[in-house]
There are 2 protein chains.
Amino acid sequence: MTRTAEQRRTDAKVVYDAYMALCPTRQVMATVGDKWAGLVVNALADGPRRHGELRTRIAGASQKMLTQTLRALERDGLVTRTVTPSVPVRVDYELTALGRSLLPVLQALKAWSETHIEDVLTAREAYDAREAANA
Amino acid sequence: MTRTAEQRRTDAKVVYDAYMALCPTRQVMATVGDKWAGLVVNALADGPRRHGELRTRIAGASQKMLTQTLRALERDGLVTRTVTPSVPVRVDYELTALGRSLLPVLQALKAWSETHIEDVLTAREAYDAREAANA
DNA sequence: CCGCATCCTACTTGATACTG
DNA sequence: CAGTATCAAGTAGGATGCGG
């Protein structure tokens with residue numbers, strides 16, 4: 001009875017989930033569009049890095065987020081994690097071939113960003129000014 | 001006194017924000033990497049769409065999220081919002097030149113995703129299997 | 001030195017109801 | 001039809017302390 005509307009929404013959500021699950025782009029976006037993943041991949045572009053180096057290099061990422069991000073990238077086969085069981089332990093991260101194949105795409109995105117960021121910022125200012133005027 | 005921890009958190013956040021503010025790529029990623037923005041831009045690729053059309057087409061996005069996403073895109077100058085004051089009101093959204101210039105990049109990302117999604121999924125399975133074995 | 005586990009906060013998202 | 005406001009809930013992010 002009163003379930004009709006609720007039901008329809010639930011159905012829509014299921015359809016949506018099914019759609020999302022089938023969309024490779026969104027799955028990839030979930031990884032590369034992640035708050036830190038892009039930075040990490042970029043930081044690894046030059047070569048292998050140790051955990052601590054990345055932490056310094058990316059300043060702002062908590063140790064937790066860094067580890068979490070690295071593990072996600074490792075899981076997706078974009079980076080390898082090499083543990084050297086010395087004392088103390090040493091851990092190196094390096095891009096895999098798959099990870100490196102992503103670099104050009106990231107570069108393209110970066111290029112677009114750097115090229116158009118001004119337009120975006122200008123548009124943003126104009127928009128905000130308009131908003132302020134209306135308020 | 002009890003402000004110390006709070007204070008440090010604020011400071012750290014400021015440093016982080018300053019870093020982020022200087023990175024055009026991250027600013028752009030914040031928009032295009034958004035959960036819905038990509039879908040919306042794609043849905044608008046063919047031409048102008050009404051609010052309701054997008055809602056149908058993207059099924060799964062709540063009306064709130066759709067509006068929120070569209071406003072963000074409008075703010076960044078990627079889409080235009082045209083209101084026709086008829087009864088009832090009609091609103092059309094359309095990609096701007098800037099928005100269309102983003103399409104190729106999105107396509108590149110999509111292409112990479114479709115090409116490598118299998119590798120990613122394979123890596124993911126292998127990783128999870130390894131995890132399960134360890135647990 | 002690395003990373004895991006815990007706790008806690010804040011932001012994001014979604015459902016619902018109401019206005020123009 | 002389009003959009004806004006409010007409230008509840010889930011999730012991501014961060015601080016801290018412990019273990020390998």
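Residue numbers begin at 1 in each chain, while the letters A, B, ... track the order of the sequences.
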Please assess Asp92(A) against Thr82(A) for the test side-chain hydrogen bond (donor to acceptor under 3.5 Å, both in side chains), listing each intermediate value before the final yes or no. CA-CA 5 Å; Asp92(A) 289 274; Thr82(A) 310; over 6 Å; no

Report the C-alpha separation of Tyr93(B) and Arg50(B) in whole Å, then their side-chain angles, then the decisive distance to 0.1 Å, and conclude whether the side-chain hydrogen bond (donor to acceptor under 3.5 Å, both in side chains) test is met. CA-CA 6 Å; Tyr93(B) 291 94; Arg50(B) 299 187 56 178; over 6 Å; no

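The side chain of His51(A) places no N or O atom within less than 4.0 Å of a non-bridging phosphate oxygen (OP1 or OP2) of dC1(C). Using a 4.0 Å cut-off, some side-chain N or O of Arg81(B) falls inside it from OP1 or OP2 of dG3(D). Side-chain N/O atoms of Arg71(B) include one lying less than 4.0 angstrom from OP1 or OP2 on dT4(D). One finds a side-chain N or O of Tyr93(A) lying less than 4.0 angstrom from the OP1 or OP2 phosphate oxygen of dG3(C). Between dC2(C) and Lys64(A), no contact under 4.0 Å exists linking OP1 or OP2 to a side-chain N or O.
With hydrogens and angles ignored, the 3.5 Å screen pairs a side-chain donor or acceptor of Ser62(B) with a backbone N or O of Met65(B). Between the side chain of Arg55(B) and the main chain of Ala61(B), a donor-acceptor pair closer than 3.5 Å is present.
Residues Val32(A) and Val41(A) have side chains not in contact (no heavy-atom distance under 4.5 Å, counting atoms from C-beta outward). Considering only heavy atoms from C-beta on, Thr84(B) stays 4.5 Å or farther from Val89(B) through its side chain. Looking only at side-chain heavy atoms (C-beta outward), Arg124(B) and Asp76(A) come within less than 4.5 Å of each other.
Per the geometry, CG belonging to Asp34(B) stands 14 Å off P belonging to dA12(D), to the nearest Å. The distance between atom CE of Met65(A) and atom P of dT16(D), rounded to the nearest whole Å, is 15 Å. Computed from coordinates, the Gln68(B) CD to dA15(C) P distance equals 14 Å when rounded to whole Å. In this structure, Leu39(B) places its CG atom 13 Å from P of dT13(C), rounding to the nearest Å. The distance between atom CG of Leu70(A) and atom C1' of dC2(C), rounded to the nearest whole Å, is 11 Å. Atoms CG (Asp92(A)) and P (dG3(C)) sit 10 Å apart, rounded to a whole Å. Across the protein-nucleic acid pair, Arg55(B) atom CZ and dA2(D) atom C1' stand 11 Å apart, rounded to whole Å.
Counting all heavy atoms, side chain and backbone alike, Val120(A) lies closest to Trp112(A) at CG2-CH2, 4.4 Å. Smallest separation of non-hydrogen atoms from Leu95(B) and Arg100(B): O-NH1, 3.0 Å. Contact between Ala43(A) and Arg49(A) at its shortest, heavy atoms only, is O-NE, 3.6 Å.
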Strictly under 3.5 Å: I want the nitrogen or oxygen pairs between protein and nucleotides 18-20 of chain C, one per line.
none

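Judged by distance alone with a 3.5 Å cut-off, no donor-acceptor contact links the side chain of Gln63(B) to the base of dC1(D).
The terminal axes of the helix from dC1(C)-dG20(D) to dG20(C)-dC1(D), fitted over 5 pairs per end, subtend an angle of 40° to the nearest 10°.
Checking dG3(D), dT4(D), dG14(C) against every side-chain atom of Val91(B), the shortest atom distance belongs to dG3(D). Taking only side-chain atoms of Arg50(B), from C-beta outward, the nucleotide of dG14(C), dA15(D), dC1(D) with the closest atom is dC1(D).
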